[in-house]
Amino acid sequence: MGTAGQAQAVVLDFSGLGLTNGQSVPQTYGDQPNLDVSYRSVASPGSNVEVASSMQYWPTQYSDLTDVAYGFQTAEVTLTPSAGHQVSLLGFDLGAWPNTDRQSQVSIYNLDYSALLFSTGSITVSGVTASNFSFANLTRTDGIKIQFGPDAFNVGIDNIEFTVSTNAVPEPLTLLGAGTALGFGTFFKRKLPKTALKTAKSQAS
């Protein structure tokens with residue numbers, strides 16, 4: 001058992017990056033001394049077929065969120081801890097553009113997709129109030145992949161919260177439970193929106 005509960009939580013809210021509409025989120029955004037964060041889009045949930053090597057920034061109109069990251073087809077955010085460390089995913093928000101209900105699906109995998117840790121099946125993301133996902137016990141030493149789609153252009157992610165801590169289990173870690181889902185998420189509505197920015201998003205061709 002590690003010490004994730006004692007670690008300081010990090011929240012990636014995609015604000016203060018100085019990005020313009022549709023600009024790529026830097027691959028360095030969110031990196032920690034013992035954690036790499038990366039962003040891309042893939043063909044479908046559970047797929048390793050890359051369709052875009054980054055995710056993009058948009059300031060508003062994703063439900064009541066401001067400053068979000070969106071992708072294409074199925075967007076993917078990967079949290080990869082360094083050796084001797086573990087990452088615990090605490091939660092994130094999804095919003096729908098342009099303030100319009102959208103269908104989506106959330107799937108969370110370990111680093112090599114061998115374990116499906118959490119899945120919603122098809123859900124509706126409200127265009128009015130963002131959907132929040134929280135997790136009480138989703139901790140991995142081999143990394144966590146958050147995927148949402150297939151309409152990741154019109155559904156964006158925000159407020160990704162996690163902790164990084166040392167792993168008390170001696171390395172190399174034997175992954176006896178690699179096929180077992182470790183996280184149990186709850187899905188509820190976000191109560192406090194950020195201050196909205198008044199910027200309209202142009203339609204993609």
Original post:
Roughly how far, to the nearest 0.5 Å, is CG of Leu94 from CZ of Phe133?
Top reply: 5.0 Å

Original post:
Roughly how far apart are Arg102 CZ and Asp151 CG, rounded to 0.5 Å?
Top reply: 6.0 Å

Subject >> Distance-minimising heavy-atom pair for Asp142 and Leu111 >> reply: O-CB, 2.6 Å

**OP:** Please identify each residue that fulfils side chain to side chain donor-acceptor pair (under 3.5 Å) with Gln103, with sequence neighbours left out.
**Re:** Ser122, Thr124

**OP:** Establish, yes or no, whether a centroid distance under 6.0 Å links the rings of Phe135 and Phe118.
**Re:** yes

Original post:
Are a donor atom and an acceptor atom from the side chains of Asp67 and Tyr57 found within less than 3.5 Å of each other?
Top reply: yes

Original post:
Can you name the nearest heavy-atom pair linking Thr74 to Ser44, along with the distance?
Top reply: OG1-CA, 3.4 Å

**OP:** Taking Asp101 for its side chain and Gly127 for its backbone only, find out whether a donor-acceptor pair lies under 3.5 Å.
**Re:** yes

Original post:
Is a donor on one side and an acceptor on the other found under 3.5 Å between the side chain of Gln27 and the backbone of Ser53?
Top reply: yes

Original post:
Can you list the residues that meet the ring pair (Phe, Tyr, Trp, His ring centres under 6.0 Å) rule with Phe162, with sequence neighbours excluded?
Top reply: none

**OP:** Can you tell me which residue pairs pass the salt bridge (Lys or Arg N to Asp or Glu O under 4.0 Å) test with a partner in residues 70-80, sequence neighbours excluded?
**Re:** Arg40-Glu76, Glu76-Lys145

Original post:
Distance from Trp58 atom CH2 to Phe14 atom CZ, nearest 0.5 Å?
Top reply: 16.0 Å

Original post:
Judged by modelled atom types alone, do Asn159 and Asp13 share a side-chain donor-acceptor pair under 3.5 Å?
Top reply: no

Original post:
Considering residues at least two apart in sequence or located in another chain, which fulfil the side chain to side chain contact (heavy atoms under 4.5 Å, CB included) criterion with Gln56?
Top reply: Ser24, Ser54, Tyr70, Phe72

Subject >> Donor-acceptor pair, side chain of Asp36 and main chain of Thr80, under 3.5 angstrom >> reply: no

Original post:
What residues, two or more places apart in sequence or in another chain, satisfy side chain to side chain donor-acceptor pair (under 3.5 Å) together with Asn34?
Top reply: Ser82, His85

Original post:
So, the side chain of Gln73 versus the backbone of Ala43: is there a donor-acceptor pair under 3.5 Å, distance only?
Top reply: yes

Original post:
Closest approach of Pro81 and Val87, non-hydrogen atoms and distance?
Top reply: CD-CG1, 3.9 Å

Original post:
Nearest heavy-atom pair of Pro45 and Ser107: which atoms, and what distance?
Top reply: CB-OG, 3.8 Å

**OP:** Please identify each residue that fulfils side chain to side chain donor-acceptor pair (under 3.5 Å) with Asp112, with sequence neighbours left out.
**Re:** Asn110, Ser114

Original post:
So, Ser63 side chain and Ser126 main chain: donor-acceptor pair closer than 3.5 Å or not?
Top reply: yes

Original post:
What is the minimum heavy-atom distance between Ile157 and Phe92, and which atoms define it?
Top reply: CD1-CD1, 3.9 Å

Original post:
Once you round to the nearest 0.5 Å, how far does CG of Leu89 lie from CD1 of Ile144?
Top reply: 5.0 Å

Subject >> Exercise: identify the closest heavy-atom pair between Leu35 and Leu79 >> reply: CD1-C, 3.9 Å

Original post:
With distance as the sole test, does Tyr39 use its side chain to make a donor-acceptor pair with the main-chain N or O of Val25 at under 3.5 Å?
Top reply: no

Subject >> Distance, nearest 0.5 Å, that separates OG of Ser41 from CE of Met55 >> reply: 6.0 Å

**OP:** Apply the test side-chain contact (heavy atoms from CB on, under 4.5 Å) to residues Val155 and Trp97: give CA-CA distance (whole Å), side-chain angles for both, the deciding distance (0.1 Å), then the verdict.
**Re:** CA-CA 6 Å; Val155 174; Trp97 184 87; over 6 Å; no

**OP:** Determine whether Pro59 and Asn21 make a side-chain contact, defined as any pair of heavy atoms from C-beta on separated by less than 4.5 Å.
**Re:** yes

Original post:
Which distance, rounded to the nearest 0.5 Å, do you find between the OG of Ser88 and the CZ of Arg140?
Top reply: 11.5 Å

**OP:** Kindly indicate, with the supporting measurements, whether the criterion side-chain contact (heavy atoms from CB on, under 4.5 Å) is fulfilled by Leu117 and Tyr109.
**Re:** CA-CA 5 Å; Leu117 309 176; Tyr109 293 87; 5.7 Å; no

